[in-house]
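A note on names: the letters A, B, ... follow the listed sequences, proteins ahead of strands, and every chain is numbered from 1.
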Number of protein chains: 2
Amino acid sequence: MLDVAVAAGVSVATVSAAVNGTAPVSKKLRERIEQAIQEIGYKRNAVARSLKMGTTTTVGLVVADITNPFFTDVVAVIQDVLHRAGYAVMLCCTDESASLQEEQISLLLDRMVDGLIIAAAGDDDGLRRHLRGTNTPVVLIDRLCHDLDADAVVVDNEDAVKSATKYIIDLGHRNIGYISGSLSTSTGRDRLAGYRAALQEAGIEYGDEFVRLGNFRAKDAYTATMQLLTRPDRPSAIFAANNLMVIGVMKAIRDAGLDCPGDISVAGFDDFPWADVFQPNLTTIAQPVQAIGEQAAELILSRVADKKRREPRHIVLKGRLMIRESCRPIMRPR
Amino acid sequence: MLDVAVAAGVSVATVSAAVNGTAPVSKKLRERIEQAIQEIGYKRNAVARSLKMGTTTTVGLVVADITNPFFTDVVAVIQDVLHRAGYAVMLCCTDESASLQEEQISLLLDRMVDGLIIAAAGDDDGLRRHLRGTNTPVVLIDRLCHDLDADAVVVDNEDAVKSATKYIIDLGHRNIGYISGSLSTSTGRDRLAGYRAALQEAGIEYGDEFVRLGNFRAKDAYTATMQLLTRPDRPSAIFAANNLMVIGVMKAIRDAGLDCPGDISVAGFDDFPWADVFQPNLTTIAQPVQAIGEQAAELILSRVADKKRREPRHIVLKGRLMIRESCRPIMRPR
DNA sequence: TTGTAGGCGTTATCAG
DNA sequence: CTGATAACGCCTACAA
């Protein structure tokens, strides 16, 4: 910047004013400065600027699994609106590990991100500890954190799973397997609660033996499903609590020599772009990814702009049941 | 840091030395400093550090489409190894737009990233112009940029598509449709070249009417495929030049009331985790995503560590044809 | 309208 | 071993 200043024969203050439009600068000088900038190839150093201003125009985004299409969809829209607002996003991935998550958040906080959007992984304690200290705005997405009064945008998981389970029950199923996500996340807990609520409402007794932990991952879901399938009273339907796990469920069904939906019905949380193209067409719960991303981005933007507003805002959106062909009615002896 | 210094009764210089291990500090003082740090809850300000050091321990990662599973897989491993090395990654998404790409690169360069990993979108001119000026290390992934002597890790696209096309030809197909990616990317061009090479080698005449532009997107691939399917001499097989486009192709085939592989065979670039679970099991070319990510990350790391080494290194890996069930032999009248 | 000077939090250099 | 001090590049009073 100093180079530009001498080249244009002005002071650095004038250059700064011209570049940022902070103070009025005569047209003549502005032009000289523009030209000098071109010639020198000057680029403003955002690091120095950040140090002085105490703001980085960067927000940190930490998600549990960047490989999960649901998260990538959300990340894409967040990235899009944040970029439009002049913000960069630093993406971190925690691999569903609480310790990695703490590291990543530290890393982001060190770099003075202006805000943090987090899809929390694992245990809430670490999160709270890390976030309590700072006054960096935080918005939680997808998963809530108990006792942390941050903004959040989530889906009504319980309601969504409840209606999907009800749909399966209405098809005549009674033995319904459930492949659960990690219960240390709010989504894991809420979705399971939806399943139980639907069962209870239908007067079906809940049995622990029908729910198996899949940890939101295809591999774990595979072995969990295998356990279900080898039971003498194997379920006639299975619900998987996220997209990755549905894949594992389907793989297990195939390897067990079974057919979906012929032998067993399947439904899962999260939709796929290809869900209605390949067989069997999967019945799923579609999340409003676009809205989630937009709301999260706007929430963080408004927080950053106005740090004082204190009452946390929770936005809860609805999932949508996409009925396709992977669930089939069952004839029950009467 | 000053607070820590006064709390520990030492100078900031000593604190800095203790924190970074830059200079020997007596055990006694070190302990006092440690304690003061705990009490105050001091965290080193990475921005100030960056300004002083001229290094941000951050690398920029710009990809054309964060929604594409191929890219997310690669991003995940890059993120992983970079994080392990203490680097943060700033992710930007260009949506296959050249202008957006320039913006994103500017943004990253402003923030003084130590290195740049780029899956280039669109036209090469802008890229070159932006990258020539800086001496920030760059490694290109997936797509090359003509006349830019940067490190790169790519797949031998021509070879991979050639062998896939040969496989289809050996099945007896002669009219083979090709849904191409954007020809302003090296992958778009190289993959098409592979298709043409296989045709030529088999003595099949190449016809422009059988190749349609899908721009690496499902939607464009859908309409492109529809054009192919409504021809009187509709192809008996179609190859799609990436994962997103295969989805579009399959959707079009379904909507045209056709069956794959009964009526028409399909193969595509990029594998899916679920490719062998749903019907039809898709025949694909699997890319070595793990290796691509690792190599790219290590390349940028070594560049950052040692800026002087000048000769660019190109790493080219091989794709692997995953033969499944979406291509079927054809009986030809003789 | 323009210039000068001080400081953001660190680190490096050099005396003590 | 430890402490004072000068940058790093930018922005903002305040003065001219």
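An OP1 or OP2 oxygen of D/dT2 is reached within less than 4.0 angstrom by a side-chain nitrogen or oxygen of B/S26. For B/N20 and C/dT10, the shortest distance from a side-chain N or O to OP1 or OP2 is not below 4.0 Å. Residue B/R44 places at least one side-chain N or O closer than 4.0 Å to OP1 or OP2 of C/dT11. The side chain of B/N45 contributes no N or O atom lying less than 4.0 Å from OP1 or OP2 of C/dC8. Distances shorter than 4.0 Å separate none of the side-chain N or O atoms of B/S16 from OP1 or OP2 on C/dT10. OP1 or OP2 of D/dG3 has at least one side-chain nitrogen or oxygen of B/T14 nearer than 4.0 Å.
Side-chain proximity of B/A23 to the nucleotides D/dT2, D/dG9, C/dT10 is greatest for D/dT2. Listed nucleotides C/dT4, D/dA4, C/dT11 differ in distance to B/M53; the shortest reach to its side chain belongs to C/dT11. Ranking C/dG3, C/dA12, C/dT11 by closeness to the B/T22 side chain, first place goes to C/dA12.
Between B/E298 and B/R313 there is no salt bridge, since no side-chain N of the basic residue sits under 4.0 Å from a carboxylate O of the acidic one.
Residue A/L51 contributes atom CG, which lies 11 Å from atom P of D/dC11 at whole-angstrom precision. Atom CG in B/L2 sits roughly 13 Å away from atom C1' in D/dG3 (whole-Å rounding). C/dT1 atom C1' lies 16 Å from atom NZ of A/K27, rounded to whole Å. Rounding to whole angstrom units, CZ of residue A/R111 and P of C/dG9 are separated by 18 Å. Between the CD1 atom of B/I33 and the C1' atom of C/dT10 there is a distance of 15 Å, rounded to whole Å. With rounding to whole Å, A/K28 atom NZ is found 11 Å from C/dT2 atom P. One can place CG of B/D110 at 15 Å from P of D/dG9, the figure rounded to the nearest angstrom. Between B/R49 atom CZ and D/dC8 atom P there is a gap of 18 Å when expressed in whole angstrom units.
In this structure, the helix from C/dT1-D/dA16 to C/dG16-D/dC1 shows an angle of 40° between the axis at its start and the axis at its end, each fitted on 5 base pairs and rounded to 10°.
Annotation: the span from B/I37 atom CD1 to B/R30 atom CZ amounts to 11.5 Å, rounded to 0.5 Å.
A donor-acceptor pair under 3.5 Å is formed between the side chain of A/S50 and the backbone N or O of A/T55. Under the 3.5 Å distance criterion, the side-chain polar atoms of B/N68 are matched with a main-chain donor or acceptor of B/F70.
One N or O donor and one acceptor, one from the side chain of B/K52 and one from the base of D/dA7, sit under 3.5 Å apart.
Using a 4.0 Å heavy-atom cutoff across all strands shown, B/L29 reaches sugar-phosphate atoms only and no base atom. Among the protein residues, B/K43 comes within range of the sugar-phosphate backbone only, with heavy atoms under 4.0 Å from sugar or phosphate atoms but none that close to a base. Nucleic acid contact class of B/V25 (heavy atoms, under 4.0 Å, all strands): sugar-phosphate only.
With contacts defined as side-chain heavy-atom distances shorter than 4.5 Å, the pair A/L100/B/H83 qualifies. In this structure, B/R111 and A/T57 have side chains that are in contact, with non-hydrogen atoms separated by less than 4.5 Å.
Taking for each of B/A48 and A/A13 the nucleotide of DNA chain D with the nearest heavy atom, the 5'-most of the two is the partner of B/A48.
With no hydrogens or angles considered, no side-chain donor-acceptor pair links A/E34 and A/Q38 at under 3.5 Å.
The shortest heavy-atom contact between B/Q101 and B/A121 is OE1-N, 2.6 Å.
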